[in-house]
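Residue numbers start at 1 and run along the sequence shown.
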Amino acid sequence: MIRNLLAEFLDRASRELALRPQYSMKEYQHWFDNNPEYLHNGAVERIQLISPLTLEGTNNLYRAKFWIERPNDKKRYHQQEIVVKICKFWAPAGKNRQQRLKMLLSAFQDEIRINNLIRATNIEGVVQSFGGGLAGRHPYFKMEFIKGCALDKTFKKNLSDDEVLHRMSQVAYLANTISQLHYYQIIHKDLKPKNLLLCQDPTHPNNHKILVCDFGYAQAKMRETVNEYGGQLTPCYSAPEQAIMGENLSSSVDYFSFGVLVHEYLTGEKLFPKAMDIFAEDDYKITDRYLEHIRHGRQNAFHDSRFPEMAQWIDNMTTFDSHERMQKSENLFFVAHKLREQVNALGYRDVNTDFLWNQLEEYKRS
């Protein structure tokens with residue numbers, strides 16, 4: 001009995017000591033070095049952190065090297081560059097602090113499971129996960145490192161005709177990816193430019209494609225994670241029901257975000273131009289004034305006669321009411337292949353449209 005009480009006391013004390021808003025890269029490296037993942041054949045997975053990518057929010061992202069060491073052999077096998085996402089062992093002081101910390105850690109484990117599910121489905125258009133682990137008290141998971149940039153770095157106005165065709169083929173590929181995720185009942189819930197990576201690596205099979213990453217909100221229940229503004233949705237890109245309902249969200253939220261993203265990617269213009277200003281003026285909170293702008297303030301600037309349905313698709317997908325939105329919106333799989341047809345009919349093809357064409361041929365054979 002005394003040993004149990006002592007163990008419980010020491011565990012509680014160690015958890016309190018471990019609570020820190022930020023650890024240094026050197027400290028994380030210590031935990032990785034002393035808590036390697038062992039494989040069934042006695043081999044060991046090693047991780048060496050290189051540099052931080054982002055230290056904001058409830059997680060830290062590091063660029064790292066990954067390799068496998070075999071027993072009695074110091075050679076590095078399967079070495080590659082990866083990204084390591086580490087869950088911060090931290091919850092702000094206050095009521096039910098330890099319970100809130102448990103919820104945060106549990107949500108991170110959910111994210112690992114979702115990434116494992118995505119990997120098992122072989123959905124191509126996502127940043128691939130390589131599994132997770134535990135370094136001391138720090139849960140983490142490994143992802144492929146993508147050379148390229150977040151989609152917001154590519155936004156610009158006055159695209160040339162050829163640029164529009166290229167981007168339209170990428171939009172088609174992205175629509176198909178989201179459709180595939182929905183087929184496996186995975187709702188992203190936080191599609192925004194920073195969570196979409198444009199691969200710019202000639203050696204990568206997905207070069208020139210837009211890849212989806214960060215499934216921290218997907219399928220999440222009572223998440224304690226927050227975005228850069230301290231809330232649980234991203235202004236301008238999140239569907240209004242995410243502010244109104246919060247729970248029991250459907251794939252309609254991804255349709256809304258997709259419509260906003262596509263408009264900005266193709267025009268360089270905000271679909272809801274005053275949304276961010278209103279959000280900032282209202283103390284960075286979602287208010288009735290903000291929601292009213294989302295309901296009536298849309299300014300669709302897409303005009304290209306070669307793609308006659310696109311402007312209407314954007315309007316339909318960003319309809320304020322979620323039920324009406326889904327009644328009006330075409331299925332994203334249909335959107336993907338309709339755009340592929342239109343782009344090909346204009347004499348343009350690339351890796352994005354080729355993938356969709358090959359996928360369609362496989363469906364026909366199966």
Side-chain angles (χ1 to χ4, degrees), residues 10-37 45-66 81-115 127 129-146 149-150 152-153 189-190 192-195 197 213-218 220 222-235 280 283-285:
L10 291 174
D11 180 63
R12 189 182 303 114
S14 66
R15 277 188 277 120
E16 289 293 335
L17 288 172
L19 275 167
R20 300 247 303 274
Q22 192 61 269
Y23 280 75
S24 69
M25 190 171 82
K26 185 176 180 181
E27 288 173 311
Y28 280 130
Q29 188 64 60
H30 168 81
W31 289 110
F32 281 117
D33 291 342
N34 290 278
N35 297 272
E37 289 288 318
E45 292 185 352
R46 293 290 184 183
I47 294 173
Q48 180 183 343
L49 302 179
I50 300 173
S51 60
L53 295 174
T54 177
L55 304 177
E56 300 175 352
T58 58
N59 305 303
N60 288 336
L61 266 70
Y62 287 92
R63 190 173 175 178
K65 288 181 180 178
F66 168 77
E81 202 165 324
I82 63 169
V83 172
V84 178
K85 186 172 185 177
I86 307 171
C87 183
K88 293 181 183 178
F89 198 85
W90 169 254
K95 188 177 180 181
N96 300 322
R97 187 184 197 186
Q98 286 296 332
Q99 182 61 29
R100 287 184 282 116
L101 177 63
K102 287 179 181 178
M103 291 173 64
L104 187 149
L105 297 174
S106 175
F108 191 84
Q109 293 294 340
D110 287 343
E111 184 176 357
I112 293 175
R113 284 190 285 271
I114 289 167
N115 275 277
V127 176
S129 168
F130 302 136
L134 195 65
R137 292 191 178 275
H138 307 285
Y140 69 91
F141 69 87
K142 308 179 292 291
M143 301 176 287
E144 65 175 331
F145 176 73
I146 301 294
C149 65
D152 57 337
K153 302 297 184 183
K189 297 183 183 176
D190 195 27
K192 59 184 178 183
K194 290 184 179 179
N195 287 342
L197 301 181
C213 67
D214 196 346
F215 290 82
Y217 285 92
M222 299 181 68
R223 281 299 299 254
E224 284 291 301
T225 54
V226 297
N227 62 34
E228 60 192 302
Y229 301 107
Q232 295 198 11
L233 54 77
T234 303
D283 197 25
Y284 297 94
K285 295 177 182 177

Please name the pair of heavy atoms, one in [X] and one in [Y], separated by the smallest distance, quoted to 0.1 Å.
X    : Y    : result
G133 : E37  : CA-OE2, 3.6 Å
M143 : L61  : CE-CD2, 4.4 Å
R137 : F89  : O-CD1, 3.4 Å
E27  : W31  : O-CD1, 3.1 Å
P52  : L55  : CB-CD2, 3.9 Å
N35  : A135 : CB-CA, 3.9 Å

request  = Would you tell me whether Y28 and N60 have side-chain atoms, one donor and one acceptor, within less than 3.5 Å of each other?
outcome  =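 Yes, side-chain donor-acceptor contact under 3.5 Å.
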Margin query: Can you confirm whether P36 sits close enough to R46 that some side-chain heavy atom of one is under 4.5 Å from a side-chain heavy atom of the other?
Written below: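 They are in side-chain contact.
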> So, do E111 and I114 sit near enough that their side-chain heavy atoms are less than 4.5 Å apart?
Replying inline: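 In short, these two side chains do not touch, never coming nearer than 4.5 Å.
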Notebook entry, point to check: Only one of K102, Q98, R97 clears side-chain contact (heavy atoms from CB on, under 4.5 Å) with R100; which?
Noted result: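 Of K102, Q98, R97, side-chain contact (heavy atoms from CB on, under 4.5 Å) with R100 is met by R97 alone.
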To the nearest 0.5 angstrom, please state how far the [atom1] atom of [X] sits from the [atom2] atom of [Y].
X    : Y    : atom1 : atom2 : result
L49  : I82  : CG    : CD1   : 8.5 Å
T54  : R63  : OG1   : CZ    : 15.0 Å
M103 : N96  : CE    : CG    : 9.5 Å
Q48  : E81  : CD    : CD    : 11.0 Å
S129 : K142 : OG    : NZ    : 7.5 Å

_Of Y62, F108, F130, the residue whose pairing with F141 passes ring-ring contact (aromatic ring centres under 6.0 Å, His included)_ =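 Looking at Y62, F108, F130, the match for F141 under the ring-ring contact (aromatic ring centres under 6.0 Å, His included) is F108.
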Donor-acceptor contact present, side-chain N195 to main-chain D190, <3.5 Å: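 At least one qualifying donor-acceptor pair exists.
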| query | Under 3.5 Å, side chain of R20 to main-chain N/O of W90, donor-acceptor pair present? | reply |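 Flag not set: sc R20 to bb W90 has no pair under 3.5 Å.
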Ion pair check, K85 and D214, cut-off under 4.0 Å: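 Result for this pair is yes, salt bridge flagged.
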Pair Y140 + F32: ring centers closer than 6.0 Å: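 Yes.
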Do Q29 and M25 pass the side chain to side chain contact (heavy atoms under 4.5 Å, CB included) test, and can you show the C-alpha distance, the side-chain angles, and the key distance before you say yes or no? CA-CA 6 Å; Q29 188 64 60; M25 190 171 82; 5.6 Å; no
